[in-house]
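Note that these values count all heavy atoms, side chains included, but never hydrogens, waters or copies made by symmetry. Protein chains get the first letters and strands the later ones, always in sequence-line order, with residue 1 at the start of each. Keep in mind that what you see is a predicted model, and the values were worked out from it rather than measured.
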Protein chains: 2
Amino acid sequence: MSKPLPLLSIKGFRVGTTDAGLRAWFGKTPSPDLTLVVADKPCAVAGVFTTNKVKAAPVLLDQKRLASNPESIRGVLVNTASANACTGQEGMQNAEETAALAAKQIGCLPQQILVMSTGIIGVQLPMDQMRAGIPAVYGALGAENWPDAAKAIMTTDTRHKIHAIKSNGYTMLGIAKGAGMIAPDMATMLSLIVTDAKISAELLQDALQQAVRASFNRIVVDGDMSTNDTVLALANGASGVEINEEQFPKFLVDLAQVCQVLARKVVEDGEGATKFITIRITGARFETDAKAIAHAIATSALVKTAFYGGDANWGRILAAAGRAPTKSFNAGKVSLWYNELCLVENGVPTNYNQARANAIAAGKEIEVRLELGIGWRNYEVWTCDFSHDYVSINGHYRT
Amino acid sequence: MSKPLPLLSIKGFRVGTTDAGLRAWFGKTPSPDLTLVVADKPCAVAGVFTTNKVKAAPVLLDQKRLASNPESIRGVLVNTASANACTGQEGMQNAEETAALAAKQIGCLPQQILVMSTGIIGVQLPMDQMRAGIPAVYGALGAENWPDAAKAIMTTDTRHKIHAIKSNGYTMLGIAKGAGMIAPDMATMLSLIVTDAKISAELLQDALQQAVRASFNRIVVDGDMSTNDTVLALANGASGVEINEEQFPKFLVDLAQVCQVLARKVVEDGEGATKFITIRITGARFETDAKAIAHAIATSALVKTAFYGGDANWGRILAAAGRAPTKSFNAGKVSLWYNELCLVENGVPTNYNQARANAIAAGKEIEVRLELGIGWRNYEVWTCDFSHDYVSINGHYRT
């Protein structure tokens with residue numbers, strides 16, 4: 001592990017936040033809701049986006065930018081309150097206009113600005129507030145405002161999520177917001193990672209995809225997938241340390257570490273979550289089978305409510321595994337562990353200690369391992385339990 | 001619609017229930033927990049079973065019986081409290097023994113008895129209680145005890161589910177238990193339908209499969225699928241009315257009607273349910289796409305909690321549709337209705353009345369229609385909302 005960075009700044013990047021009145025416009029308690037990240041020099045950029053077929057305007061805009069202009073990004077504008085999704089032509093025009101307004105402040109081209117939005121689907125950006133907010137947030141730029149930025153991008157999150165490292169002469173810092181609507185194959189709704197390493201957009205994209213596969217794509221809160229999920233990485237080269245093919249493996253480990261720490265924080269802060277649960281599937285014939293089973297277990301409302309209740313009701317885990325769409329599965333070869341305690345061996349309950357099993361299920365951190373006994377492929381996901389608070393938060397998000 | 005039957009008996013069938021102490025054994029409030037259905041003469045039988053790869057012992061036993069002996073069934077023994085699933089060799093032996101004990105009481109062969117179990121997974125049947133309970137339940141047989149049977153098979157159900165009809169000289173009666181762990185492609189955990197029509201096992205199986213496809217397979221409570229789901233139909237021919245190829249369509253309609261009424265009751269009594277929601281997907285290019293989208297919406301925790309909160313947060317419906325694994329989907333062609341109110345047209349929100357939308361979302365019965373605009377295939381599922389009570393019920397089912 002590279003050591004955590006005490007000073008929360010990355011050379012050549014500035015960040016600011018402001019209360020532009022976006023939350024207030026939608027009847028929420030006001031707090032900073034608009035964030036601008038500015039790089040002094042053009043950056044290489046990489047992005048991983050939601051695979052949802054309903055994509056928000058900022059996702060479509062950023063994908064266009066990355067395709068045409070991946071080596072000269074100067075800024076990222078992030079707003080909460082409106083997700084700018086399902087907003088049609090007008091939503092796309094608004095995304096373009098906000099990018100152009102930020103570019104004007106910075107003194108660059110609109111194509112050098114990326115945008116991210118999170119919040120309610122199907123409502124337009126409050127453009128009066130955005131137009132007034134963009135000069136204000138530009139005026140608030142500073143090198144050490146990253147914790148404020150991590151707070152300003154929150155929606156139903158209860159804690160801000162930030163992680164920074166120093167490694168081999170370069171630094172790297174990430175912020176994320178998550179909470180609900182998180183599923184494998186795209187995770188935290190928004191994450192932004194900046195580094196002063198010098199790396200090409202092509203290598204950075206390669207690294208980000210691998211890092212996301214090993215982190216954000218492993219987390220499950222409620223099985224839903226957002227229209228807005230985006231992970232962006234910006235590299236400005238200010239450290240002078242160049243990442244070529246040789247240094248690439250070390251850089252990849254660093255990036256994956258930042259993504260994993262943020263991904264874990266997202267699960268720990270899952271809507272209403274009280275527990276962190278690792279679902280590890282081993283002994284599968286195919287990795288796709290292991291993944292399908294891990295996902296079926298991690299999204300099962302019955303499994304997640306049982307963990308919330310601290311109930312070692314492992315039958316629900318086998319039932320979820322059995323309904324997963326797998327090519328190869330044999331109920332008579334399956335074994336199951338909660339932490340170190342073996343509950344099921346070859347499909348039949350062991351003579352385990354029920355009090356010990358309940359004590360594990362009642363804990364804050366649980367590893368569930370399901371050994372399929374028919375091969376050597378593995379897959380792991382991280383999830384949380386399903387509580388009364390999840391229902392409260394999501395039953396009344398808009399009101 | 002054939003008219004509901006006032007008298008709750010079917011010629012040639014008797015049914016009894018007893019408190020065999022099964023619920024008490026697992027620390028639950030005692031109430032009748034063992035049910036026996038007896039046919040005076042051998043019956044034709046049909047069955048539809050869970051597609052879960054983890055199958056309970058009674059499912060495996062019944063499948064064996066149906067394969068070898070579909071024209072001479074004399075009885076069905078149903079227990080609650082233990083699901084007899086994930087119980088290995090011993091569980092199968094216990095299932096066989098209870099069938100043999102019931103057969104001895106009735107005076108038939110063990111192969112003429114079917115068994116059904118519902119309850120906790122991974123615990124053996126309490127055999128002392130079963131051995132004492134079987135003679136007791138045989139002693140309690142009567143023609144009109146069907147409502148008691150519908151009650152005795154309940155687990156987390158809050159209401160018993162029963163429906164009977166008289167049609168063309170024959171009668172038909174069904175009972176069901178459901179509540180949680182219900183998903184398309186197998187629905188209520190247990191349902192048993194008896195009729196005094198005379199029909200071959202082959203035709204009955206054909207009719208039952210079609211009826212289940214149009215009823216139990218359309219309902220979704222929590223997206224999970226039980227290890228025990230079973231629908232059985234028994235026909236004893238006591239009415240003398242023979243169902244041949246010509247009468248088959250009418251018989252099919254009757255059977256489908258009984259199954260649909262029971263399936264609706266299961267959704268209405270879904271764990272913690274406060275609303276009945278119809279999800280209708282129209283205009284798909286392929287039926288598999290319509291089905292995948294209907295299922296994604298009906299199992300989305302975000303959609304279901306929004307309905308619980310009476311919040312017309314339709315963005316979550318589009319987001320769920322967008323993540324469904326479809327071959328053909330165009331976000332710009334999608335239109336959405338809540339009842340008669342059009343919220344989205346061609347991917348963009350209409351200028352709808354928000355108060356009206358919330359009033360619909362706050363109602364007890366809601367139809368959501370999503371028109372995909374790219375074809376003419378349809379699919380419909382029935383589901384319920386997701387409440388605090390669902391979490392309470394499932395967080396502490398065993399304790």
Measure across A:Ala319 and B:Ile121 and return the closest heavy-atom pair with its distance rounded to 0.1 Å.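 Nearest heavy atoms, A:Ala319 then B:Ile121: CB-CD1, 4.2 Å.
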
Specify the closest pair of heavy atoms between B:Gly122 and A:Trp314, including all atoms of both residues, with the distance to one decimal.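 Scanning both residues completely, I find the closest heavy atoms to be CA-CH2, 3.3 Å.
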
Rounded to the nearest 0.5 Å, how far apart are NZ of B:Lys53 and CD1 of A:Ile293?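 One gets 7.5 Å once the value is rounded to the nearest 0.5 Å.
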
Please determine whether the number of non-hydrogen atoms from other residues, nucleotides or ligands lying under 6.0 Å from atom CD of B:Gln89 exceeds 12.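 It does not: B:Gln89 CD has 12 such atoms or fewer within range.
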
For chain B, find which of A:Val344, A:Thr326, A:Asn330, A:Val348 contributes the most heavy-atom pairs closer than 4.5 angstrom.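 Top count of heavy-atom pairs under 4.5 Å with chain B: A:Thr326.
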
Contact class of B:Ala83 relative to chain A, heavy atoms under 4.5 angstrom: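 Neither; nothing under 4.5 Å.
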
Between chain A and each of B:Gly88, B:Ala331, B:Pro349, B:Cys86, count heavy-atom pairs under 4.5 Å; write down the option with the most.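 Top count of heavy-atom pairs under 4.5 Å with chain A: B:Cys86.
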
